[in-house]
Amino acid sequence: MSGAEDRRAPPPGRAAARRPVAPRLGRGLLLAAFSLLFVLYVAGPVAWLVSSSLQTEAQATAVPPNWLPPEPTLANFEAIFRAAERVVTYETRRQGDPATGGFLPTGAQNLLPSLRNSLVVGLWVAALNLLLSLTAAYAIAVIDFRGRRATLYTVLATRVIPDIALVVPLFLVIRALGLINSLAALVVTYLAVTVPFTIFILISYFEGIPRDLYRAARVDGCGHWGALRQVYLPLSLPALVAALTFAFLTSWNEFVFALVLTQNVEAQTLPIVISGFVMDFTTSFSFVNAAGVIAIVPPVLLAVLFQRYIVSGLTAGAVKG
Amino acid sequence: MATIVCEGLTKRYGAVTALEALDLTIAHGEFMVLLGPSGCGKTTTLNLIAGLEEASAGRLLFDGRDVTWLPPHRREVAMVFQSYALYPNKTVFENIAFPLRLRRTPRAGIERAVRAAAEQLEIAHLLDRRPHQLSGGQRQRVALGRAIVRNPAAFLMDEPLSNLDAALRLSMRSLIKRLHHQLRATFVYVTHDQAEAMTLADRIAVMRGGLIQQLDTPEGIYERPANLFVAGFLGSPPINLIEGRIEDGAFRRAELRLPAPRAEPGREVVLGLRPEDVEAPAPHLIPLAGRVELVSPLGSDTYAEVSGPAGTSLTLRVPKGWRVREGEGIEVGVDPARLHLFDRASERRIA
Amino acid sequence: MRGMFARRAVLAATGAAALGAAGLGARAARAQAGGTVNFIGWSAAVDQVRAQISAFERATGIRVNYENFPWAQFRTALVTRLVGNAPIDVSWISDAWLPEFAEAGWLAPIDDIPELMKYNAEAAEYCTQSMRYRGRQYGLAYYGDHMSFMVNAELLQRAGIAAPPATWDEVVEASLRIKRQGIAEYPLLLSLAADTWLIEFVSALVFSHGGRFVDERGEAVMADPARGAVRAARFLREAIHTHRIVSPGAVETAEINGLRAFGSGAHAFAIVPTYRIRALNDPSQSQAAGRIRLALMPKGGPEGTNETCGWIRFYGMTPGAKNDRARRERAVRFIEFFGGRDTAGNYSMQKLLLTDLGLPFCTLPLNEDPEVQGFWTRWAGEGGGAVIAAQSARTRKKDVISPWFGEWVETANQAWQSVCLGRAEPEAAMRAAAAKWTELRRAFR
Amino acid sequence: MPRLGYDERAAALLVFPVVAVLLVVAAFPILYSFWVSLHDVVLTRPLRRPFVGLDNYLRVFADERFWIAVARTTVYTVVTVAATTVLAVLVALLLNEAFPGQRLLNALLLLPWATPSVVNGLMWKWIYDPSYGLLNGLLVQLGVLERYRAWLGDPDLTLLLIANAAVWKQMPLAALLLIVTMKAIPEDLYRAAKVDGAGAFRRFLHVTLPALRPGLMLVLVYETMISIRHFDLFLIMTQGGPGDASFTLSWFIYVETFRSLRFGTGAALSYILAMATFLLSYLFIRFLGRRL
């Protein structure tokens with residue numbers, strides 16, 4: 001104890017050697033302050049979205065706002081999951097304009113089918129994207145063939161064109177293929193959107209894998225497919241997961257193409273149906289927010305689940321710049 | 001086991017020629033070393049033999065069979081790399097077994113072959129480990145195991161010892177030599193280390209700029225370097241080179257004069273003298289005197305940097321038993337038969 | 001089927017066939033099978049449509065494939081589907097799109113179908129006129145309505161205003177009084193978001209100022225300072241920026257949000273589609289219920305009139321449906337059941353839309369129906385029905401309806417919004433809209 | 001012509017699927033779009049599509065809406081990219097420190113990134129709502145505002161408010177890329193700087209910032225490329241309004257194409273935007289890449 005006492009009160013001459021307490025405290029305070037700001041900014045809006053989705057319409061539109069749900073209710077979510085069950089006849093119809101009455105957007109029963117569509121499209125895109133970009137990235141990164149650079153640049157160049165610029169011709173192409181309003185149209189489109197970036201990620205990652213491993217595999221008896229499967233696939237897991245997550249999230253989020261290429265509940269994805277609520281005659285804020293929460297859950301789960309891989313997977317691609 | 005024949009083998013990358021019309025025959029069971037500085041085309045040659053790169057021109061024959069367009073996995077060659085190139089996600093056992101699995105060898109056969117190879121390389125106790133748990137020497141043994149477990153047409157080695165420390169390098173060197181004796185297989189070994197080349201090779205191909213400079217036994221290359229480059233590349237410390245011209249059947253440079261009976265007069269030449277080719281002065285030797293500038297004792301030998309006649313600076317091995325001091329004079333004898341003469345323009349050997 | 005096959009072949013060539021096999025392929029063609037009518041509309045009166053559909057299906061055995069989209073996306077969605085050859089039989093159509101769609105060949109005339117044409121005899125003349133283009137008729141009415149001037153009687157009373165204002169100047173005066181007394185921050189409610197209602201709102205303002213966008217010959221007169229459009233624009237600007245009786249937030253207030261705000265009792269005056277009166281006076285939907293009354297559209301300026309803007313929405317048939325015997329038969333029965341009399345001989349859909357939602361109809365015989373008369377008295381108050389009838393007689397259809405309406409209205413909306421924001425002089429804004437009109441009109445030929 | 005070896009055949013086979021997809025869904029549309037931009041294609045007049053040469057482009061350049069859109073797009077892009085980059089650097093600096101709870105913050109960072117942009121749009125629209133919005137509620141409760149006011153309806157604020165929503169969503173990825181780059185900075189550099197007596201700020205200026213260059217480069221190019229083409233937020237939040245306050249190029253393309261159904265001018269506009277994007281990225285890489 002006394003030893004500690006001593007150290008805390010050093011002779012004046014040795015003050016310079018003392019651990020600087022004040023700056024460390026300052027650093028702690030600074031970090032805490034910044035962290036608080038960060039949390040408020042990043043999580044605040046989503047927290048408010050979730051909070052209002054658990055309120056009734058009256059509570060959600062109260063002035064001043066209810067920061068937390070006064071009596072949390074799952075009614076909005078229930079409405080979403082029950083929307084398809086209702087059969088409408090003269091007897092069971094709701095009188096009055098739903099615009100101000102029932103507070104349930106007419107597109108509500110499309111929400112679950114669109115959730116399914118989004119999932120189906122996302123999973124297909126993720127899977128096919130992986131297959132396509134894996135093979136292409138392998139070929140470009142590993143095999144020395146004529147036109148290799150040209151292929152790479154062409155692939156990357158397709159992403160320089162803004163989506164909105166592709167929308168018109170793509171609509172015409174998809175129409176010519178007879179694929180308007182099909183999930184296949186979305187899958188193919190999203191592949192084209194995501195593949196260049198995932199190829200880029202994978203190439204960067206592949207280039208980090210020692211060339212000698214490739215040579216060893218080849219002389220050990222692997223063809224190109226074998227080398228890809230036996231060496232590159234198992235060794236680039238983080239990049240693969242990052243690419244997969246990226247592909248899924250992109251197709252989950254995508255809006256412009258889906259807006260133009262789909263027409264009804266058979267192919268519409270979640271963003272389209274939700275944007276419909278906002279522009280509908282009916283706007284129930286609490287309901288729309290509940291739909292928003294549903295749309296956020298899968299990608300957030302995915303992102304948090306694969307957090308480690310996303311960062312390390314991006315690493316190779318990023319730092320080379 | 002195979003004889004490997006390269007006929008006019010050429011490799012170009014765009015405008016750059018990495019290998020220019022290589023003609024090389026490697027006999028069955030021969031230990032061929034490709035020696036040269038980096039970028040000389042030796043690794044390209046190895047890759048072409050392995051099939052890892054495709055030739056721009058020329059042919060490659062294994063036992064008379066044209067394999068030029070055969071991909072590596074159909075060529076039955078085994079390869080060992082400087083970086084060991086072990087599959088990090090596989091155990092030692094699986095690493096060694098990998099080529100066999102690809103060939104659909106029956107399970108029992110694989111087990112037996114891997115064990116045998118592991119015993120031979122004294123790594124049987126490591127079979128369950130993963131590569132990152134091994135030391136460098138152990139890793140290279142595993143890599144060797146992966147090569148010898150099959151029955152390849154040839155063993156290709158790409159600077160396999162360069163990543164090891166000096167002591168380990170020596171023991172691995174003798175291990176490889178032993179393997180060659182046991183297997184009696186064709187070895188093609190790429191290195192930039194002349195000592196490895198000299199100790200291991202049946203024949204050495206010294207390469208530079210995509211061309212073979214000299215193809216000969218180690219002794220031949222050391223004794224009769226075909227040109228200035230080969231002379232300079234082999235030997236440690238390197239050969240002393242002195243520019244001068246031939247006059248009256250002798251090499252002349254200012255006051256320095258050394259007999260060169262067979263050279264034609266008037267030629268601009270470079271004279272080569274290996275540091276180790278000097279002895280205590282004797283009547284049949286030509287005397288060479290100078291002042292010692294720096295002494296480098298290596299234990300077994302002592303070398304001295306000497307400022308010699310005609311403004312030359314020479315590195316000489318101090319004859320056994322001598323004591324020299326910096327700043328003192330020294331006089332040694334040179335056997336004229338051990339002098340090398342090169343044409344200065346063509347850099348080729350004259351005598 | 002041959003077309004289908006060719007498409008599949010293209011698919012296979014592009015490597016997408018696998019997707020088709022995996023259940024991701026186009027499924028649009030399926031809906032054509034069997035006795036089905038494909039009907040699309042915007043998401044309004046959805047429950048009433050569904051109720052009527054179940055009655056239709058029971059009465060005829062024909063199945064209905066019903067889809068709806070938000071109104072804001074509807075025109076785009078419909079057009080892309082028409083271009084994409086989606087199998088639509090019947091669709092709701094706005095009068096504003098008729099010339100454009102008829103020119104493009106997306107709507108089939110019905111004047112050679114006597115089963116439908118017979119209803120003209122019992123329909124209001126302006127409705128029938130609104131469904132005609134170049135002398136041919138293109139459908140049966142879903143509903144017809146006009147913009148109404150509505151007042152919150154209670155607020156007026158509190159401010160000591162006895163009668164609803166008769167001119168826009170009086171509206172300003174009354175509003176300032178209400179504002180001064182602190183009864184309402186912004187007494188006049190206008191919903192001027194750049195959505196599809198904007199042109200109807202400003203048309204009502206222009207007409208009541210005695211103005212026109214376009215004259216009888218189709219020439220743009222909106223930029224003429226002597227005609228009402230510029231005056232109406234100036235009124236808007238002053239109401240927002242000088243008098244501050246209209247919220248500057250009006251430019252982001254959509255029709256539905258305006259309705260809610262008016263229903264909350266925060267405003268004394270508003271321009272609202274007539275059919276909203278039912279919701280506004282319904283206690284379950286509106287806090288101001290029972291206090292909202294109708295008045296004639298105030299007159300504006302020296303040449304002001306009580307005229308307002310009216311519109312019609314109707315059931316249109318696609319050429320694809322008309323050219324196929326079986327599809328046409330089903331589509332005709334559907335249109336008749338919804339836009340005319342049902343199989344029991346009643347105008348059941350018209351009545352349902354009125355009594356449930358307050359949507360006014362075009363069929364004259366229903367006016368005699370005591371239930372209908374009772375409806376107006378109940379929801380629009382004593383004499384409300386008479387005001388509606390009087391206003392209805394002073395209703396003009398949008399004079400900007402033309403094949404290039406869809407393009408022009410984008411520019412026009414921006415021009416009006418700029419005026420509201422105080423970013424453009426009324427004259428300049430109207431000149432821009434007029435220039436666009438002239439340009440498009442010329443380009444059309 | 002040398003023969004195709006095993007490698008080239010394998011490469012062709014491996015690359016083919018991607019090339020096929022890109023040809024059909026990207027390359028062909030790009031070329032087709034160019035063809036359309038040279039014709040007067042109006043969807044409502046399906047039978048008539050005359051070749052008009054560069055008329056569509058000239059029409060666009062003569063249209064005053066185009067120049068308004070260019071101005072709005074420029075402001076929006078500059079604000080978004082600048083704010084995203086600065087915030088991302090700050091966040092990266094914060095998350096690169098080791099402190100308790102840092103892992104949690106890292107996880108939170110993924111929240112905006114994973115939020116679909118449509119949800120992002122409606123969430124912020126809801127926050128900005130003039131009657132019920134959180135922003136109004138917060139400012140009134142804090143006493144900053146006297147009464148609720150319109151936010152998106154204020155033409156001077158619209159672009160900034162939309163930009164804020166965009167920054168919220170884009171900042172995390174930018175920060176991630178920067179964190180990754182920071183982690184690659186050798187610790188020795190910091191030690192050397194400390195020995196040389198550099199304080200925290202100087203260390204940031206002379207060690208971190210230069211080393212961040214490749215990451216910053218990537219962030220700048222990427223953010224510019226996506227900001228310049230933003231569309232979803234404009235559709236959800238303002239539809240180009242109020243007036244023309246948020247009338248950006250991509251919104252103009254949408255209006256021209258899918259509201260006016262003028263595919264010809266729409267395609268011309270798209271091409272102009274694409275060229276601008278391309279040029280901008282090129283200039284960035286060419287000039288900034290060296291100096292930054």
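In what follows, chains carry the letters A, B, and so on, assigned in the order in which the sequence lines appear, proteins first and then strands, with residues in each chain numbered from 1.
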**Report entry** Any side-chain heavy-atom pair of Asp232(D) and Val256(A) under 4.5 Å
**Finding:** yes

**Report entry** Part of Thr257(D) within contact of chain A (heavy atom distance under 4.5 Å)
**Finding:** side chain

Report task. Rounded to the nearest 0.5 Å, what's the gap from CG on Leu94(D) to OG on Ser35(A)? Could you check? Result -> 4.5 Å

**Report entry** Non-hydrogen side-chain atoms of Val24(D) and Val188(A) separated by less than 4.5 Å
**Finding:** no

Report summary line: In terms of heavy-atom contacts, Asn253(A) and Ala114(D) come closest through OD1-O, 4.2 Å

Requested in this report: Please report the C-alpha distance between Val21(D) and Val195(A) in whole Å, then the side-chain angles of each, then the deciding distance to 0.1 Å, and finally whether the side-chain contact (heavy atoms from CB on, under 4.5 Å) criterion is met.
Outcome: CA-CA 9 Å; Val21(D) 168; Val195(A) 154; over 6 Å; no

Query raised in the report: Is chain A contacted by the side chain of Val25(D), its backbone, both, or neither, given a heavy-atom distance below 4.5 Å?
Result: both

**Report entry** Over all atoms of both residues, closest heavy-atom pair of Val119(D) and Leu49(A)
**Finding:** CG1-CD2, 4.0 Å

Query raised in the report: Non-hydrogen atoms of chain A under 4.5 Å away: do they reach the side chain of Met225(D), the backbone, both or neither?
Result: side chain

Query raised in the report: Do the side chains of Leu31(A) and Phe99(D) get nearer than 4.5 Å, heavy atoms only?
Result: yes

Report summary line: Scored by heavy-atom pairs under 4.5 Å with chain A, the best of Leu111(D), Asn136(D), Ile226(D), Leu87(D) is Leu111(D)

**Report entry** When Gly292(A), Pro45(A), Pro65(A), Ala136(A) are compared by non-hydrogen pairs under 4.5 Å with chain D, the top option
**Finding:** Pro45(A)

Query raised in the report: Measuring heavy-atom distances to chain A, does Val18(D) have an atom under 4.5 Å in its side chain, in its backbone, in both, or in neither?
Result: both

Query - Closest approach of Trp168(D) to Val42(A) (non-hydrogen atoms, all atoms of both residues) - result: CZ2-O, 3.1 Å

Query raised in the report: Heavy-atom distance under 4.5 Å to chain D: side chain of Ile199(A), backbone, both or neither?
Result: side chain

Report summary line: Bottom line for Ala267(D): the part with an atom under 4.5 Å from chain A's heavy atoms is neither

Query raised in the report: Side-chain contact, heavy-atom cut-off 4.5 Å: Leu170(A) with Tyr32(D)?
Result: no

Report summary line: From the list Trp225(A), Tyr138(A), Trp67(A), the residue making the most non-hydrogen contacts under 4.5 Å with chain D is Trp67(A)

Query raised in the report: Among Ile228(D), Leu134(D), Leu108(D), who wins on heavy-atom pairs under 4.5 Å with chain A?
Result: Leu134(D)

Query raised in the report: When heavy-atom pairs shorter than 4.5 Å are enumerated against chain A, which of Leu249(D), Leu95(D), Asn106(D), Leu90(D) gives the highest number?
Result: Asn106(D)

Requested in this report: Please lay out, stage by stage, how Ile272(A) and Val118(D) fare under the test side-chain contact (heavy atoms from CB on, under 4.5 Å).
Outcome: CA-CA 8 Å; Ile272(A) 306 305; Val118(D) 166; over 6 Å; no

Query raised in the report: Aromatic rings Phe171(A) and Phe263(D): how do their planes relate, parallel, tilted or perpendicular, breaks at 30° and 60°?
Result: perpendicular

Report task. Look only at the side chain of Trp252(A) and the backbone of Pro116(D), and say whether a donor-acceptor pair between them is shorter than 3.5 Å. Result -> no

Requested in this report: Would you indicate whether Tyr41(A), at its atom OH, is surrounded by more than 12 heavy atoms from other residues, nucleotides or ligands within a distance under 6.0 Å?
Outcome: yes

Requested in this report: Pick whichever of Leu13(D), Leu104(D), Ile127(D) has the most heavy-atom pairs under 4.5 Å with chain A.
Outcome: Ile127(D)

Query raised in the report: Who among Val155(A), Asn289(A), Leu270(A) has the most heavy-atom pairs with chain D under 4.5 Å?
Result: Asn289(A)

Report task. Check whether Tyr148(D) gets within reach of chain A through its side chain, its backbone, both or neither, counting any heavy atom under 4.5 Å. Result -> side chain

**Report entry** Most contacts with chain D, counted as non-hydrogen pairs under 4.5 angstrom, among Thr151(A), Leu132(A), Val293(A)
**Finding:** Leu132(A)

Report task. Check whether any side-chain N or O of Tyr6(D) sits under 3.5 Å from a backbone N or O of His224(A) as a donor-acceptor pair, and report yes or no. Result -> yes

Query raised in the report: Trp48(A) versus Leu138(D): any side-chain heavy-atom pair under 4.5 Å?
Result: no

Query raised in the report: Hey, which of Phe231(D), Trp126(D), Tyr132(D) has the most heavy atom pairs under 4.5 Å with chain A?
Result: Trp126(D)

Query raised in the report: Should Phe255(A) and Leu233(D) be marked as a side-chain contact (heavy atoms from CB on, under 4.5 Å) after you check the CA-CA gap, both sets of side-chain angles, and the distance that decides it?
Result: CA-CA 10 Å; Phe255(A) 179 71; Leu233(D) 289 175; over 6 Å; no

Query raised in the report: Between Pro196(A) and Leu22(D), which heavy-atom pair has the shortest distance, and what is it?
Result: CG-CD2, 4.4 Å

**Report entry** Toward chain A, the part of Phe278(D) with a non-hydrogen atom under 4.5 Å
**Finding:** both

Query raised in the report: What distance do Phe16(D) atom CZ and Thr135(A) atom OG1 have between them, rounded to the nearest 0.5 Å?
Result: 11.5 Å

**Report entry** Which atoms of Asn120(D) approach chain A - backbone, side chain, both or neither, heavy atom under 4.5 Å
**Finding:** neither

Report summary line: Applying a strict 4.5 Å limit to non-hydrogen atoms, the region of Thr154(A) in contact with chain D is neither

Requested in this report: Write down the atom of Phe38(A), the atom of Leu105(D), and the distance for their closest heavy-atom approach.
Outcome: CE2-O, 3.5 Å

Report task. Please answer whether the main-chain N or O of Arg146(A) pairs with a side-chain N or O of Glu8(D) as donor and acceptor at a distance below 3.5 Å. Result -> yes

Query - Proximity breakdown for Val167(D) and chain A, heavy-atom pairs closer than 4.5 Å - result: both

Requested in this report: Report, as yes or no, whether the 6.0 Å neighbourhood of atom CZ on Arg229(A) holds more than 12 heavy atoms from other residues, nucleotides or ligands.
Outcome: no

Query raised in the report: Given that the side chain runs from C-beta out, which part of Met171(D) has a heavy atom under 4.5 Å from chain A: side chain, backbone, both or neither?
Result: side chain

Query raised in the report: Given that the side chain runs from C-beta out, which part of Trp124(D) has a heavy atom under 4.5 Å from chain A: side chain, backbone, both or neither?
Result: side chain

Query - Spacing of CG belonging to Leu173(D) relative to CZ belonging to Phe246(A), to within rounding of 0.5 Å - result: 8.5 Å

Report task. Measure Leu109(D) against the heavy atoms of chain A and call it side chain, backbone, both or neither at under 4.5 Å. Result -> both

Requested in this report: Could you walk me through whether Phe145(A) and Asp7(D) pass the side-chain contact (heavy atoms from CB on, under 4.5 Å) test, one step at a time?
Outcome: CA-CA 7 Å; Phe145(A) 63 98; Asp7(D) 278 354; 5.7 Å; no

